[in-house]
There are 2 protein chains.
Amino acid sequence: MISKPPTIKQIAEQLKLSVSTVSRALHDHPGIGLTTRLKVQKLAKELNYEPNLTAVFLQQGKTNTIGVILPELSEHFFSAAVSAIEEMAYQRNYTVLIAQSHDDAEKEMALVEKMKNHRVDGLLVSLAKTTRSFEHFENLKRFNIPVVFFDRIPSIPGSHTVSCNIETGTTEAVTYLLKKGHRTIGMINGPESMLASNDRKHGYIEAMSKNRLKYDPSMIVNCDLSETGTRKALQQLLTHKRKVTAIVTFNDYIALFVVTALKALNQDVRDIDLISYANLPLISYLDHRPVASVEQFPFMQGQKATGILLDLLYNKNTQSADGGAIYKVVIESQLVEDSSLKKAIKVLK
Amino acid sequence: MISKPPTIKQIAEQLKLSVSTVSRALHDHPGIGLTTRLKVQKLAKELNYEPNLTAVFLQQGKTNTIGVILPELSEHFFSAAVSAIEEMAYQRNYTVLIAQSHDDAEKEMALVEKMKNHRVDGLLVSLAKTTRSFEHFENLKRFNIPVVFFDRIPSIPGSHTVSCNIETGTTEAVTYLLKKGHRTIGMINGPESMLASNDRKHGYIEAMSKNRLKYDPSMIVNCDLSETGTRKALQQLLTHKRKVTAIVTFNDYIALFVVTALKALNQDVRDIDLISYANLPLISYLDHRPVASVEQFPFMQGQKATGILLDLLYNKNTQSADGGAIYKVVIESQLVEDSSLKKAIKVLK
DNA sequence: TAATTTTACGCAAACGTTTGTGTAAACTTC
DNA sequence: GAAGTTTACACAAACGTTTGCGTAAAATTA
């Protein structure tokens, strides 16, 4: 009842041919006569022959597989990115091996090693928050396994990256608020240690200077991204001697926390305009939603990153001249006003 | 500069040993003397030796890999499930190969074939909406590749499944509304062709009969799950001669559509209580949110399904006696009131 | 028709492992 | 000290492919 999948060898025996002939026949090799070629292909179809990819992989030294390592699959930003990655990979006949680091640098290291042992042809990575050292990635270069980082990219030079320019989006956001008449604009930022926080801060400062306004450092408060941290940060802004009329929040979660906190304080939520960075698909359906969002295009980031990786793989095989080119794609983040924020929803579940 | 990963053969040559000895030494085989064993392991560490898994896979006839096929990764329900799957698989030293059917039965078929060729040890599947035939899955049995379906499960007997009992959850939901005093409870259901719609309908009817109330078929309207379809269905309920005071919607998306439509009609949203089936993480933050939700536990479904698959794989290897046992796990869906609906949010992006 | 080219296929190595079996040397036992 | 046992390793096959090379037979050429 239970049987092993048919092999080339079986076909060869049945037809009294050699395995090499069968292999070539199946690949339409010109050195094989038409009649035998057809005979082989006919039997192959009859037996439902399909090549054993594990054998092919070993023989070819490549697996047509790309590995994806990211912090958390259930986070919408990442699952959207993976969705794009898988789709593109599928079109180009690649398969996707997936793993989550859960923002743990050590696990990330172990995963890189595992991916290497699986002989993935290339790697797509969005870094864990705690990753400080990048040797395990450097290590891959020696084995000619290309890596493309997206969104959470490393600070080391020489790596291929796709990221979103948060800074310009932030400048846009603050400028938008200024145009709406706001003069005291607060920002609830992430931890100072995060690159992402820095980008937002610089974007803020840039907007002020562009509009010839004085930058007040106390308008930007850091927080640890927890709900209570957010509440504290908000408190700090609310008790500021200048009355804050708008707040740019680190992301949609923080915006949610702010709305919740304001309600808890019995403060009229409409007094304060919010702008955040889109990472929650449903945010536009909230009643006290941000007036605008800085869109980060997870889908596009996934696409671009995959495109680059496939390019690198292709060039690796064709030994192209531009062997050393470093890809650094920056997607401009974009301010999206609430009115156009609500996307067409497809019901998928 | 670019080098190939070290192999067992290289170690053997350097130490003037045979490959078999090296292999056994690395596996702590008792037949190898302590001194050589240590010598081998030392050199292996120095060279950063790691086994080439493609070779191991070919030799063992298994890959320690499980394939996951589902409709859409960017859909929260599925990404949550995959997250659980990956996590559990990782703990048991399995790797996850992932692919999306985009609800296309043909692509699903192709993916099954591809997974088979990749020699995944087992498969986790949530069916495409359009899947009608299951031969390609049956086919896997012949090759001893177990399949566990979750959430979107097939109607054929003899397959391992994990699913959520929507019916009882629906009964709970309707009963809950009845207890709140509602007497005319509408339901915006999915297409009649979907199993999921049937479950909801039966749950509704069950609740009515349990509470000795007459079931009015016109209270349940089908819709195609689009926004305009929802609007039409809603219209039908609103113009019903009996005044509908509560609606059970097919899922969170439909609830959203309903809220949007009511607002557009300038109808006070608070007049109508909504209950839906949770699949959107943010729903509890909406202002006019459902008063309760039927939770479907994507994470748990992923966990259970993976657990079963790993069990099957283990039993396959140990030739256990219960070879023919069919797993049918049904998770009771659960009505969650709004008050306890808001989950602790972890900021991950 | 003999020499040359072309056609159509087979042989065997290679990819990197694992594992059953064979066999010297070392060690036991009486 | 001979027979038997154990220890510690080597040999070689196997997993299912791909591919460089070799070689008969057939087809072409002169």
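In what follows, chains carry the letters A, B, and so on, assigned in the order in which the sequence lines appear, proteins first and then strands, with residues in each chain numbered from 1.
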Which atom of A:Asn117 lies closest to which atom of B:Pro51, heavy atoms considered: CB-O, 3.9 Å
Can I get a per-line list of side-chain donor-acceptor pairs under 3.5 Å for residues 37-44 of chain B, giving both atom names and the distance, sequence neighbours left out?
from	atom 1	to	atom 2	distance (Å)
B:Arg37	NH2	B:Ile32	O	3.0
B:Gln41	NE2	B:Ala25	O	3.0
B:Gln41	NE2	B:Asp28	OD1	2.9
B:Lys42	NZ	B:Glu46	OE2	3.4

What N/O pairs connect the protein and nucleotides 7-13 of chain C at under 3.5 Å? Give each pair on its own line.
from	atom 1	to	atom 2	distance (Å)
C:dC9	OP1	A:Thr36	OG1	3.3
C:dC9	OP2	A:Gly33	N	2.6
C:dC9	OP2	A:Thr36	OG1	2.7
C:dG10	OP1	A:Ser18	N	3.4
C:dG10	OP2	A:Ser18	N	2.9
C:dG10	OP2	A:Ser18	OG	3.0
C:dG10	OP2	A:Thr21	OG1	2.3
C:dG10	O6	A:Arg24	NH2	2.8
C:dC11	N4	A:Ser20	OG	2.8

statement: The answer to which of A:Ser23 and B:Leu58 contacts DNA chain D further toward the 5' end, by nearest nucleotide, is B:Leu58
message: Under the ring pair (Phe, Tyr, Trp, His ring centres under 6.0 Å) definition, can you give me all pairs with a residue in residues 48-70 of chain B, not counting sequence neighbours?
response: A:His118-B:Phe57
- request: Could you list where the contact with chain A starts and ends along DNA chain D, reading 5' to 3', using a 4.0 Å heavy-atom cut-off?
  value: D:dC15 to D:dC21
- request: Any pair with a residue in residues 12-39 of chain B that passes ring pair (Phe, Tyr, Trp, His ring centres under 6.0 Å), sequence neighbours left out, goes on the list, sorted by first then second residue, please.
  value: none
message: Let me test you: for the helix from C:dT1-D:dA30 to C:dC30-D:dG1, what is the angle between the axes at its two ends (five pairs each), rounded to 10 degrees?
response: 40°
statement: The side chain to side chain donor-acceptor pair (under 3.5 Å) partners of B:Asn48 (sequence neighbours excluded) come to none
- prompt: Residues two or more places apart in sequence or in another chain: which of them pass ring pair (Phe, Tyr, Trp, His ring centres under 6.0 Å) with B:His102?
  reply: none
statement: For A:Lys107, the side chain to side chain donor-acceptor pair (under 3.5 Å) test, sequence neighbours excluded, returns none
- prompt: Who are the side chain to side chain donor-acceptor pair (under 3.5 Å) partners of A:Ser83, not counting sequence neighbours?
  reply: B:Glu72, B:Gln100
- line: Applying side chain to side chain donor-acceptor pair (under 3.5 Å) to B:Thr21 and not counting sequence neighbours gives B:Ser18
field: Partners meeting ring pair (Phe, Tyr, Trp, His ring centres under 6.0 Å) with B:Phe137 (sequence neighbours left out)
entry: B:Phe149
